[in-house]
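I have placed the structure first, in the form of structure tokens, so that the comments after it can refer back to it.
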Amino acid sequence: MLALVGMLASTAAAQTRGWLWQNPLPQGNAIHALRFAADKLNGWATGADGAILRTEDGGYEWESQSAPVSTTLYGLFVRDKQTAVAVGARGVVITTENGGERWTLRPTGVKDHLYNVAFAGRDARHGWACGTYGRIIATTDGGRTWREQTSGVTAHLFSISFGDEKTGVAVGANGTMLTTADGGASWKSQPQAKEFPLTGVAFAGESKRAVAVGYGGLVLKTGDGGETWARVEVYQQADLLSVYFADERNGWAAGNDGVVLATADGGGTWLPVSVKTQPRLTTIHFADATTGWTAGGDGLILRTDDGGVEWRRLSEGGREDLADIFFLDGSRGWAVGSRGRILYTSSGGKRWTARQSGTTARLTHVFFVDEAHGWAVGEAGTILRTDDGGLTWAKVDAPVTQELSGVHFADEKRGLAVGARGTILSTEDGGETWRQRRSDTITWLEDVSFAGAGASASVAVVVGAQGMILQTEDGGASWRYIETNTKEWLYGVAFADKSRGFIVGERGLILRTDSAGARWKQQESKVKLNLFAVSVATPLDVLIVGEQGRVMQTRDGGETWDALASATSVPLFAVAYRGGSAAWVAGRGGAILRRTDAVATVNIPRPKLPPALRGKKPNSDADDNNTPPTLNERDIPRALPPDKKRPPAS
């Protein structure tokens, strides 16, 4: 059995702001920085939403650590197994001197986002951090106190590196490059091409040699501490986001599309490696010429033991977007997404199993009426049905080829599906055959829900673009338009009983009905973010999810809505709520999180930027035994600890 089982246990113990990551593992927020001590065992990774991960075995097992902030942490420096410094948004600097058991917020006097941090000198007491609007701050006591330095520029600075306590380089937007020969007391701007931003810079050991990287495959090299630079041709154009040198000769760069470049001559020539699945790699680190790590989007962490030729996964679980999640009770649930992915759990999400769907079409919605009978719909008119709890799925011939975005059943036989160009389908034989119904609209229809369940349920509501609400009172045979004076895109609808239902949509819109959908009343949500899905536990207890990881709850039927503290800022496309802690959310990057008992509400800030319209809902994978979630053969191979690579003794 894989040693990564330990990851599952350590992650389960880490309940982040009231939510527990179930996929990916150990967590799914983007990783922006990753660094290890010289022993190649002790390291940290930091990222979005205050994520801090700690390992003591070279990355095979990780545990979450508590940060004193929830802001994104962009930069990281590790001195040894006890001491580390992380920097991030809003001028945040945090330090630990006890292996991360406690992280301390340090005053910086700035509010700019800090993107990178670097230290130099044998004792690593002298350090610098850079960020937005040309901000540079420095420390001489290992990060406890900081003072501002004058950069002379207002461009955003993305990376900073020092070869010694005096010689440093900072790079940033619009090809900005600054050099210093006096520890940052003065900074000199170096003329460079302005067509691409420079995103990373690193000195090669303690030499005067350094390399800067940027978008469009840009690689620049200096041999005199930054006074002069020459472009190095690497014969590829992927955006490079990070560069690191283990010594004066061996260096690596990483970026978009899974690109990793390696040099063994101090940056003069570079050889490319393409990581399987082409992930976005935002950070790279090597302890020596052979052992290294890289990380990036959706919590992905990789390791190499051959200098970067082959990379293997340290993180687990699917990373593709999930469009919907459904739980029948507190244990049995299903999630669907891209490439025909269907996931199943019988353990409340502790372990997820990938089921064969028989299709590669993107699946958008899933619904079960009982433990056996379920349906999933998706692009190109895809309809799947199961009568064995999802062990096997059969594709059903549909009378349309338009994308289907919602499906709901009143009982084992009668169901409805909706989708693009005003498509409404109905079935009365459990989904074996479907009939197209007249909707009198070509508007995109997003979701459908019966008001109530069982043989007596005949009222249903459909929602979609431009404020579209349709209602049927005869099980879907005929439909009528419901006027609400709203033009926002409506994404989700759910009913608590035969009368009360809720609709969510664009720009924070929430509607409630107490008349089975005949009349709707707008409720105050206090947010302007797009809300994508709603799930009802009781007529009073409702959860809603949306952009930026937003989770909202009402316990009084919508008279008031509270924002719940969240563990992620990724868009959440789906929610399944059975009451109490039986709540799951799913979304971008394969994210699945379950609510814990320690959920707190937070004040809702109004967004400073206008909300963007949501793209199409999309997309994961796992194993329902004692191992963590697994991917299929298309994914990056797993990393095995050294003791698992040796054959067993005879």
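For reference, positions follow the sequence shown, starting with 1. This structure is a prediction, so every number in the text was calculated from the model and none was measured.
- Checked against ring pair (Phe, Tyr, Trp, His ring centres under 6.0 Å), Tyr215 has no partners two or more places apart in sequence or in another chain.
- Checking side-chain atoms of Asp324 against main-chain N and O of Val366 turns up a donor-acceptor pair under 3.5 Å.
- In this structure, Leu157 CG and Trp187 CH2 are separated by 8.5 Å, a value rounded to the nearest 0.5 Å.
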Are Lys40 and Asp288 close enough, and set up right, to give a salt bridge (Lys or Arg N to Asp or Glu O under 4.0 Å), and what steps lead you there? CA-CA 9 Å; Lys40 298 190 286 188; Asp288 53 33; 2.9 Å; yes
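- For the atom pair CG of Asp49 and OG1 of Thr71, the computed distance is 9.0 Å after rounding to the nearest 0.5 Å.
- With salt bridges taken as basic N to acidic carboxylate O contacts below 4.0 Å, one links Glu316 and Arg313.
- Look at Lys208 and Glu227 and you find no salt bridge, because none of the NZ, NE, NH1 or NH2 atoms lies under 4.0 Å from a carboxylate O.
- Side-chain contact between Val275 and Val260: present, with at least one pair of heavy atoms (C-beta onward) separated by less than 4.5 Å.
- Checked by atom type and distance alone, the side chain of Ser242 never pairs as donor or acceptor with a backbone atom of Gly200 at under 3.5 Å.
- With hydrogens and angles ignored, the 3.5 Å screen pairs no side-chain donor or acceptor of Trp352 with any backbone N or O of Gln22.
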Derivation and outcome, side chain to side chain donor-acceptor pair (under 3.5 Å), residues Asn174 and Thr176: CA-CA 5 Å; Asn174 303 318; Thr176 299; 5.5 Å; no
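- Checking side-chain atoms of Asn23 against main-chain N and O of Gly590 turns up a donor-acceptor pair under 3.5 Å.
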List the steps and the verdict of ring-ring contact (aromatic ring centres under 6.0 Å, His included) for Trp252 and Tyr244. CA-CA 5 Å; Trp252 298 262; Tyr244 188 85; 7.7 Å; no
Apply salt bridge (Lys or Arg N to Asp or Glu O under 4.0 Å) to residues Arg135 and Asp112 and explain how you reach the verdict. CA-CA 7 Å; Arg135 181 70 66 196; Asp112 300 277; 2.7 Å; yes
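- Taking the six-membered ring for Trp and thresholds of 30 and 60 degrees, Phe162 and Trp128 have nearly parallel ring planes, at less than 30 degrees apart.
- Scored by the side-chain contact (heavy atoms from CB on, under 4.5 Å) test, Glu310 finds Asp306, Arg312 as partners (sequence neighbours excluded).
- Of all non-hydrogen atoms in Ala173 and Pro197, the two that sit nearest each other are CA-CB, 4.1 Å.
- No side-chain donor-acceptor contact under 3.5 Å links Thr263 to the backbone of Asn250.
- Inspection of the Thr290 and Asp305 side chains reveals no N or O donor paired with an N or O acceptor under 3.5 Å.
- His156 pairs by the ring pair (Phe, Tyr, Trp, His ring centres under 6.0 Å) definition with Tyr133, not counting sequence neighbours.
- The structure places CD1 of Ile342 at 13.0 Å from OH of Tyr344, a figure rounded to the nearest 0.5 Å.
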Step by step, would you call Ser357 with Thr359 a side chain to side chain donor-acceptor pair (under 3.5 Å)? CA-CA 5 Å; Ser357 67; Thr359 181; 5.5 Å; no
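- The only option from Asn256, Asp298, Asp257 that meets the side-chain hydrogen bond (donor to acceptor under 3.5 Å, both in side chains) definition with Arg280 turns out to be Asn256.
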Residues Lys81, Glu56; criterion salt bridge (Lys or Arg N to Asp or Glu O under 4.0 Å); working and verdict: CA-CA 8 Å; Lys81 67 179 183 179; Glu56 297 179 354; over 6 Å; no
Could you please spell out the steps behind the side chain to side chain contact (heavy atoms under 4.5 Å, CB included) verdict for Phe245 and Phe203? CA-CA 7 Å; Phe245 275 81; Phe203 274 86; over 6 Å; no
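- More than 12 non-hydrogen atoms from other residues, nucleotides or ligands lie less than 6.0 angstrom from CD of Gln236.
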Give the intermediate values and the outcome of side chain to side chain contact (heavy atoms under 4.5 Å, CB included) for residues Val93 and Leu114. CA-CA 8 Å; Val93 174; Leu114 299 176; 3.9 Å; yes
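- Atom CG of Leu73 and atom CD1 of Ile31 lie 10.0 Å apart (nearest 0.5 Å).
- Checked by atom type and distance alone, the side chain of Thr364 pairs as donor or acceptor with a backbone atom of Leu404 at under 3.5 Å.
- Side-chain contact of Gln356 with Trp393: a donor-acceptor pair under 3.5 Å is absent, judged by distance alone.
- Residues forming a side chain to side chain donor-acceptor pair (under 3.5 Å) with Thr401 (at least two apart in sequence, or on another chain): none.
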Begin with the C-alpha distance, continue with both residues' side-chain angles, and end with the deciding distance and a verdict on side chain to side chain contact (heavy atoms under 4.5 Å, CB included) for Leu343 and Thr353. CA-CA 5 Å; Leu343 306 179; Thr353 301; over 6 Å; no
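- Listed by chain and residue number, nothing satisfies the side chain to side chain donor-acceptor pair (under 3.5 Å) test with Thr199 (two or more places apart in sequence, or in another chain).
- Of the options Thr180, Leu198, Thr222, Val201, a side-chain contact (heavy atoms from CB on, under 4.5 Å) to Val169 is made by Val201 and by none of the others.
- One finds the OG1 atom of Thr228 at 11.0 Å from the CG atom of Leu220 (value rounded to the nearest 0.5 Å).
- In the model, Trp62 has no side-chain atom that pairs as donor or acceptor with a side-chain atom of Gln27 under 3.5 Å.
- The closest donor-acceptor contact from the side chain of Ser566 to the backbone of Gly549 lies under 3.5 Å.
- Between the side chain of Thr46 and the backbone N or O of Ile52 there is no donor-acceptor pair closer than 3.5 Å.
- The side chain to side chain donor-acceptor pair (under 3.5 Å) search around Ser207 returns none, not counting sequence neighbours.
- Panel note: side chain Gln237, backbone Gly216; no donor-acceptor pair is recorded below 3.5 Å.
- Side-chain contact check for Thr568 versus Trp21: some heavy-atom pair is nearer than 4.5 Å.
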Any chance you could lay out the side chain to side chain donor-acceptor pair (under 3.5 Å) test for Asn530 and Arg550, step after step, and finish with the verdict? CA-CA 9 Å; Asn530 294 337; Arg550 177 69 72 207; over 6 Å; no
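- Distance alone, capped at 3.5 Å, places no donor-acceptor pair between the Gln65 side chain and the Trp44 backbone.
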Evaluate the side chain to side chain contact (heavy atoms under 4.5 Å, CB included) criterion for residues Val87 and Asn116: first the C-alpha distance (whole Å), next the side-chain angles of each, then the deciding distance (0.1 Å), finally the verdict. CA-CA 7 Å; Val87 303; Asn116 197 233; 5.8 Å; no
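- No side-chain heavy atom of Trp584 sits less than 4.5 Å from a side-chain heavy atom of Val575.
- Atom CZ of Arg249 sits about 6.0 Å away from atom CG of Asp265, to the nearest 0.5 Å.
- At a threshold of 4.5 Å between non-hydrogen side-chain atoms, the residues Val219 and Leu240 count as touching.
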Run the side chain to side chain donor-acceptor pair (under 3.5 Å) test on Gln190 and Thr179 for me, step by step, so that the C-alpha distance in whole Å, both residues' side-chain angles and the decisive distance to 0.1 Å come before the verdict. CA-CA 7 Å; Gln190 298 290 338; Thr179 61; 3.0 Å; yes
